[in-house]
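Here the structure comes first, spelled out in structure tokens, and everything after it is commentary.
Start at 1 and go down the list; that is how both ligands and their atoms are numbered.
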Amino acid sequence: MISQPDLAFLQTTYSRPGALAFEASPLGGIVARLTFGQHESLVALQGAQVLSWVCNGAEQLWLSPHARLGIGKPVRGGIPVCWPWFGPHPYDEAKPNHGFVRTRIWEVVGTVAESDGVSIELAAETSLADLAIWPQEAQVRLTVRLNNRLALSLTTLNMGDVPFILTEALHTYFSVSSIDLVRIEGLAKCAYVDKIDNCTRKMQAGAIEIAHEVDRIYLGGTASVSLIDDGASQRRVSIMSRGSRSAVVWNPWIDKTARLGDMGGPDAYRHMVCIETANAGDDVVKVDRGGQHVMAVEYRVT
Ligand code: TA6
């Protein structure tokens, strides 16, 4: 078990009556429950991972039924924080996929409850032990803010004496009615790396529809993307990013769902799609010594 901070301490120090409370999650770790009117979000201390976002009474995110906290494995679903690299380590595949902070217990550094929203800020710092897998000194902070929207802001601070290169993603798993009734707009005419076709570079023509495994890194800046679900939920999720030059679209489809083994069933792929705000592939970020970088995203459901 990974040690968790004291629930009573968190409640006493950071809870906000009627807006933010900490609780022991049935998944095995501590989560913060943010409430704003009929909207709600759950944020795990492990990985500073958003596990749930209920907007207008409907869950917007997909979470594996196998999700467990505190077992040293990343949780599949919600909004994983991929940092300080996206995907496999640039030159050592033995290192964890998507960096090493998804399984880390982040520290709560602040909570705010105001008339226009409620937010929590969490932080994680690289340790001496981390130098073996990433030879930099850095801090990463995530602020999650809930009102009738959900906004995340990921800040990287270079605490060391030399610049470093960063790739990163807010790896958001959206729940969808049925993958065949989904369109993704806003990436037309964007170049992308097709990871299921030998990383061939291609150009997106029109809206994205998904009828097979899709794993693409769209490059060069995508401030506004929309997920359109024409199924039972009949909804559009607007995704407004800043400080991000890449967008990743992923659906594992049938074979990869089976290989992953933690999606919760052979047809789980039909009910999720990842649309990730990122700096990935060619879009690396250089963080100067003493400098910082912010990547942010805001989701709105209409
Ligand atoms: O963002 C898409 C991706 O890089 C896929 O290639 C797949 O690996 C997915 O992330 C999930 O990665 P994970 O390490 O969470 O299993």
Close residues, ligand 1: non-hydrogen atom nearer than 4.0 Å |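 Residues within 4.0 Å of ligand 1: Arg76, Phe86, Asn97, His98, Arg102, His171, Lys195, Asp215, Val248, Trp250, Lys256, Glu276.
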Quick test of your reading of the model: are [X] and [Y] salt-bridged, counting only N-O distances below 4.0 Å?
{"X": "Lys202", "Y": "Asp197", "answer": "yes"}
{"X": "Arg145", "Y": "Glu298", "answer": "no"}
{"X": "Arg270", "Y": "Asp180", "answer": "yes"}
{"X": "Arg201", "Y": "Asp282", "answer": "yes"}

Not counting sequence neighbours, list each pair that qualifies as a side-chain hydrogen bond (donor to acceptor under 3.5 Å, both in side chains) and has a residue in residues 249-263.
->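 Matches after skipping sequence neighbours: Arg76-Asp262.
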Is it the case that more than 12 heavy atoms not belonging to Glu93 sit under 6.0 Å from its CD atom?
-> no
